[in-house]
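What follows is a short report on a single structure.
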Amino acid sequence: MMRHPFILAALGLGALFLALHLGGGRGAVGVLSGTVVGGPWRMGFGVLYALAWFGAVLVAPVLLLAGLADAALQRRYTVPPFITHRT
């Protein structure tokens, strides 16, 4: 089975978002509106969580659909190895 890079990238973005969400990133996003005080580490964590959210919501579905379409088209238009062309 061939691994498609678009599908792996989509799964990676989802896994990154899940890890940041389980790490408490949702509460750190308030720093973007200036409501949470937590220092520079908390601010960086909030920005990273927001970027991961945008990646998981906007980019990952597009990558997943592109990877699935590429896999379907590649499977449909490949010549089986037992067919030989004689000229």
Side-chain angles (χ1 to χ4, degrees):
M1 181 172 131
M2 184 176 178
R3 300 188 195 282
H4 295 282
F6 290 146
I7 295 174
L8 292 176
L11 293 175
L13 283 172
L16 175 67
F17 173 68
L18 181 64
L20 291 174
H21 186 73
L22 292 176
R26 186 174 181 180
V29 176
V31 76
L32 296 176
S33 64
T35 58
V36 175
V37 177
W41 184 85
R42 186 88 167 158
M43 181 180 70
F45 192 58
V47 170
L48 185 63
Y49 180 83
L51 289 174
W53 185 85
F54 281 116
V57 170
L58 297 175
V59 179
V62 174
L63 287 174
L64 187 62
L65 288 174
L68 290 174
D70 184 43
L73 289 174
Q74 190 175 20
R75 184 175 303 136
R76 181 174 180 175
Y77 292 113
T78 56
V79 178
F82 56 86
I83 296 177
T84 57
H85 298 286
R86 295 183 187 203
T87 57

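We use all heavy atoms of the structure for the numbers below, so side chains are in, but hydrogens, waters and symmetry mates are not.
Considering every non-hydrogen atom in both Ala56 and Pro61, the closest pair reads O-CD, 3.5 Å. For the pair Ala60 and Ala10, the tightest heavy-atom approach, listed with the atom from each and the gap, is O-CB, 3.5 Å. Tyr49 approaches His21 most closely through the heavy-atom pair OH-ND1, 2.8 Å. Minimum heavy-atom separation, Gly46 to Val29: O-CG2, 3.9 Å.
Linking ILVMFWY side-chain heavy atoms closer than 4.5 Å, directly or via other members, places Trp53 and Leu18 in two distinct hydrophobic clusters. Under the 4.5 Å side-chain heavy-atom criterion for Ile, Leu, Val, Met, Phe, Trp and Tyr, Leu68 and Phe6 are members of distinct hydrophobic clusters. Both Phe54 and Leu16 are assigned to one and the same hydrophobic cluster, defined by single-linkage of ILVMFWY side chains at heavy-atom distances under 4.5 Å. If you chain together hydrophobic residues whose side chains sit under 4.5 Å apart, Leu22 and Leu51 never meet in one group.
By the 4.5 Å heavy-atom criterion applied to side chains, Leu58 and Val62 are not counted as neighbours. Contact check for Ile7 versus Leu63: no side-chain heavy atoms found under the 4.5 Å cut-off. For the pair Leu20 and Phe45, the minimum side-chain heavy-atom distance is below 4.5 Å.
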